[in-house]
Asks: 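Please read through the structure below; I'll follow up with questions.
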There are 2 protein chains.
Amino acid sequence: MPARPQPLSRKDRRRESEKLILRAAEKVFAEAGFGGATMQLIADVAGLPKANLHYYFPTKESLYRQVVESIFQNWLTAADVFDSAPGPVEGIGAYIDAKMEISRRYPDGSKVWASEVMHGAPVIQDYLETTLVDWTEGRMAVIQRWIDEGRMDPIDPRHLLYMLWATTQHYADFGHQIETLNGGAPLSDAQWQAAKASVKAIILKGIGA
Amino acid sequence: MPARPQPLSRKDRRRESEKLILRAAEKVFAEAGFGGATMQLIADVAGLPKANLHYYFPTKESLYRQVVESIFQNWLTAADVFDSAPGPVEGIGAYIDAKMEISRRYPDGSKVWASEVMHGAPVIQDYLETTLVDWTEGRMAVIQRWIDEGRMDPIDPRHLLYMLWATTQHYADFGHQIETLNGGAPLSDAQWQAAKASVKAIILKGIGA
DNA sequence: CCACACTCTGACCAACCGGTCAAGTTTTTT
DNA sequence: AAAAAACTTGACCGGTTGGTCAGAGTGTGG
């Protein structure tokens, strides 16, 4: 019996349409920013009439909000590696790997997030103040514990986290600049490995892990 | 004899008007992005009628271009400290100090630059391919020399530069996020010093300098 | 003092944007 | 199969945007 394509239910079709629109929106928002993006262009990228977008997402801002929120969720879950690690070498090393991989695979999401924060986080300020603050304090406590256990130098955990975010996200947000400095070509597989290795080597040695 | 306000010449008045507009434009472009910025808002911030802007800068894009170019120049000159240094501790240390200071004093410029690059550098791609490539290769050679002289670990100079850019500019581009994580308050003088010290400590130790 | 070039600005315009809506089509429920 | 609910879409609209322009104001060289 062949894998017959089940006639998709209404909920499935709806979810698929929403995903299609959200993907197109993420791309357009990343390329043009919120102000520069137009519903018409998002519709064209998604291959739908503009009015259809407004059926699923009533306003441009609500569409943008969902894009940003999904990115934020993606961010948080990718950092679970942090907690289950016995020490900084494994924890921070895995965190760098995970974030570099996100930068490589979902650069658009990273750019949208960067743009949102740079413009003062007009739509996700509440998330910053609650979820991100909690998350950050949790990881800072983990790092502080490692310090207290003598597993790394007494670095200010806050600035270490900033450095991790900055360095890993840089490869997505400034990917175009990096590409230009690479002779116009995207980083090869080997170059990505080298980037990860360099980042990990400098930071892990830098914190005395 | 008192310092009498010399009746400004025409050229001086023109230059002053242009500076006034450029400052306002930098602020508005940083806050709203190119697409979100409006000539009307720039005019309001500058305290001039909108038509006056178009007298000095024919189009929105030409105004934006000049803003970005001036930022780029500011960038390059700020990195002279690199060359005259005898070794990585002084050179990279001073470079971090200089770039952190720029992030602190001119965050708007940093944001405009980041936004421009994130959107594919539509107006300064030629600068990236010529000036920035040359500049980068020059500093990479300096770092490589330090490595050859045994003054630091054999790190890939390229990724070290990326890390320096990412980390220092992060404090400007993501300043709002950092502020939120700081309880909503901007970093104090002491906190800025701590940030600089943390960054320098991790990186300089991380490269074995 | 005059002629000329430079500077300034309110009023205006075509193009475009986000969003609406009514009418049509498809799918599910009864 | 009929009715209801969900979905699709071309046409349309008020508001905003970048940019124009004629004409008024102002400093400067001869």
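Each chain gets a letter, A, B and so on, in the order the sequences are listed, and its residues count up from 1.
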Asks: I'd like to check the side chain to side chain contact (heavy atoms under 4.5 Å, CB included) partners of Arg105(B); sequence neighbours left out, ordered by chain and number.
Replies: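 Arg105(B) satisfies side chain to side chain contact (heavy atoms under 4.5 Å, CB included) with Glu101(B) once adjacent residues are dropped.
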
Asks: Going by the salt bridge (Lys or Arg N to Asp or Glu O under 4.0 Å) test, which pairs reach into residues 167-193 of chain B, not counting sequence neighbours?
Replies: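 Applying salt bridge (Lys or Arg N to Asp or Glu O under 4.0 Å) to every pair that reaches into residues 167-193 of chain B, excluding sequence neighbours, yields Arg104(B)-Asp189(B).
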
Asks: Identify, with sequence neighbours excluded, every residue that meets side chain to side chain contact (heavy atoms under 4.5 Å, CB included) alongside Glu31(B).
Replies: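 Result, side chain to side chain contact (heavy atoms under 4.5 Å, CB included) vs Glu31(B): Lys27(B).
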
Asks: Does anything in residues 59-70 of chain A reach DNA chain D, meaning a heavy atom under 4.0 Å, and if so which residues?
Replies: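 Of all residues in residues 59-70 of chain A, none places a heavy atom under 4.0 Å from DNA chain D.
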
Asks: Side chains of residues 90-100 of chain B: which donor-acceptor pairs under 3.5 Å do they make with residues two or more places apart or in other chains?
Replies:
from, atom 1, to, atom 2, distance (Å)
Glu90(B), OE1, Gly87(B), N, 3.2
Tyr95(B), OH, Trp165(B), NE1, 3.0
Asp97(B), OD1, Lys200(B), NZ, 3.2
Asp97(B), OD2, Lys200(B), NZ, 2.9
Lys99(B), NZ, Gln169(B), OE1, 2.6

Asks: At a heavy-atom distance below 4.0 Å, what parts of residues 27-35 of chain B sit against DNA chain C?
Replies: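 Heavy-atom contacts with DNA chain C come from no residue of residues 27-35 of chain B; none.
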
Asks: Taking salt bridge (Lys or Arg N to Asp or Glu O under 4.0 Å) as the cut-off, I'd like each qualifying pair that reaches into residues 128-143 of chain A, sequence neighbours left out, listed once.
Replies: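 Output for this query lists Asp83(A)-Arg139(A).
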
Asks: For Phe34(A), check ring-ring contact (aromatic ring centres under 6.0 Å, His included) against everything at least two apart and list the hits.
Replies: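 Result, ring-ring contact (aromatic ring centres under 6.0 Å, His included) vs Phe34(A): Phe29(A), Tyr64(A).
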
Asks: Could you pull out every donor-acceptor pair under 3.5 Å between side chains of residues 37-46 of chain A and any protein atom, sequence neighbours left out?
Replies:
from, atom 1, to, atom 2, distance (Å)
Thr38(A), OG1, Leu41(A), N, 3.1
Gln40(A), NE2, Asp44(A), OD1, 3.1

Asks: With sequence neighbours left out, which residue pairs that include part of residues 62-72 of chain B fulfil the salt bridge (Lys or Arg N to Asp or Glu O under 4.0 Å) condition?
Replies: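 Listed once each, the pairs are Glu61(B)-Arg65(B).
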
Asks: Shorter than 3.5 Å, N or O on both sides, protein versus nucleotides 8-13 of chain D: list them out with atom names.
Replies:
from, atom 1, to, atom 2, distance (Å)
dT8(D), OP2, Asn52(A), OD1, 3.4
dT8(D), OP2, Tyr56(A), OH, 2.7
dT9(D), OP2, Asn52(A), ND2, 3.3

Asks: Got a sec, which residues hit ring-ring contact (aromatic ring centres under 6.0 Å, His included) with Tyr106(A), two or more places apart in sequence or on another chain?
Replies: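 If we apply the ring-ring contact (aromatic ring centres under 6.0 Å, His included) test to Tyr106(A), skipping adjacent residues, there are no hits.
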
